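Just follow the structure's listing: the first ligand is 1, and inside any ligand the first atom is 1. Everything numeric here is computed off the predicted structure, so don't read it as measured data. No hydrogens, no waters, no symmetry mates; every other heavy atom, side chains included, goes into these values.
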Amino acid sequence: MKRYGAIEGGGTKFVCAVGTSPQDVCAEVRFPTTTPEETLGRAIAFFRENGPVAGLGVACFGPLDPNPASPMFGHILATPKPGWKNADVVGTLQQAFDIPIAFDTDVNGAALAEARWGAAQGCDPVLYLTIGTGIGGGVMVNGRLLHGLLHPEMGHILLPRDHQADPFAGACPFHGDCFEGLASGPALEKRWGAKAETLPPDHPAWDLEAQYIALALVSYILTLSPQRIVLGGGVMQQAHMLPRVRRKVQALLNGYVQMPQVQGEIETYIVLPGLGAQAGVLGALALAMQER
Ligand code: ADP
Ligand code: ZN
């Protein structure tokens, strides 16, 4: 059986692995994200040692260009991360390995992996949303990952809000109070003056947080018509959040979408990732194995 290489490119760490499936991931290595030269150099050294692989998948922080027909394909775009703006990730890897290289966002990779092996098997479209340091969404439609101008930027949508109930100006450097600016982990910390993981379950932060997440999900449900929504990221590790979000989604939809998934069976519709901490690297593996 062919083995594939997976690179999870995160803002703080890179994870590289070789494998064929979640049950068969071997030779995993992780190292901090430093300069593109050093970081990609370590990845290349890893695959030289642990290869050969039939193809590589890179599931990476963005924004990035995932369109193979574009001159900027394989590059990171306007990231504030020092040294990475316009970094040529695929070009650097391609110089070392003459094999197919798939390149997409971390959340698109996670959507594909959850559909293939995780909590969204048999569903299409699938939406994977992470609520962590940033907020981002990946979407699989008709078995393919959604691209277009570039890729979805679902964390930066604008939401209706009550400025009296929540006067916080927002934390997004581009938009202030977009979804990410209101509801990412750092936004919670900035608004409430304490790390999100230290806020108790009865803190008012959580009801407001669930409201913003539910408002966003309702927009995605009404525009993409996903068959399942997978919510990942550190903030969703608060066990009380998922039930709150489900209830608020139902309240906002108000019976309009007449499907059991959003009525009596919402526990099967808005779910946590099935692949847990492995979602990132398995996302990259799924990209490598995707038929293109
Ligand atoms: P990243 O988005 O960088 O990949 P995470 O998904 O872990 O990583 O998100 C990190 C953010 O999530 C931080 O802002 C952190 O405060 C928040 N976070 C992490 N764990 C929890 C938790 N158990 N409860 C609430 N917030 C959390
Ligand atoms: Zn924004």
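- Ligand 1 lies nowhere less than 4.0 angstrom from a heavy atom belonging to Lys195.
- The ligand atoms of ligand 1 that sit less than 4.0 angstrom from a heavy atom of Gly233 are 6 (O).
- The salt bridge (Lys or Arg N to Asp or Glu O under 4.0 Å) test applied to Arg30 returns Glu28, not counting sequence neighbours.
- When every heavy atom of Ile7 is checked against every heavy atom of Ala43, the shortest pair comes out as CD1-CB, 4.1 Å.
- Close N/O approach between Gly134 and ligand 1 is not found [any backbone or side-chain N/O within under 3.5 Å].
- By the salt bridge (Lys or Arg N to Asp or Glu O under 4.0 Å) test, Asp24 is found to be paired with no residue, residues two or more places apart in sequence or in another chain being considered.
- Ligand 1 places these atoms under 4.0 Å from at least one heavy atom of Gln237: 23 (N).
- The single protein non-hydrogen atom nearest to atom 24 (N) of ligand 1 is Gln238 NE2, 2.8 Å, given as residue, atom name and distance.
- Within the protein, the number of N/O/S atoms found under 2.8 Å from the Zn ion (ligand 2) is 4.
- Between Ser184 and Ile135, the shortest heavy-atom distance links the atoms N-CD1, 3.8 Å.
- Side chains of Arg161 and Leu215 form no contact here, defined as non-hydrogen atoms less than 4.5 Å apart.
- Checking atom 1 (P) of ligand 1 against the protein gives a heavy-atom contact under 4.0 Å.
- Evaluation of the salt bridge (charged side-chain N to carboxylate O under 4.0 Å, His left out) test over residues 3-23, restricted to residues two or more places apart or in two chains, returns none.
- Near Gly185, with a cut-off below 4.0 Å to any heavy atom, the atoms of ligand 1 are 14 (O).
- Under the 4.5 Å side-chain criterion, counting only non-hydrogen atoms from C-beta, Ile44 is in contact with Thr92.
- Within the model, atoms CG of Leu275 and CG of Leu285 stand 10.5 Å from one another, a figure rounded to the nearest 0.5 Å.
- In terms of heavy-atom proximity, Val107 sits nearest to Gly136 at CG1-O, 3.6 Å.
- Here Pro186 has heavy atoms under 4.0 Å from ligand 1 in both its backbone and its side chain.
- Exactly one residue among Val126, Val271, Ile221 makes a side chain to side chain contact (heavy atoms under 4.5 Å, CB included) with Ile229. That residue is Ile221.
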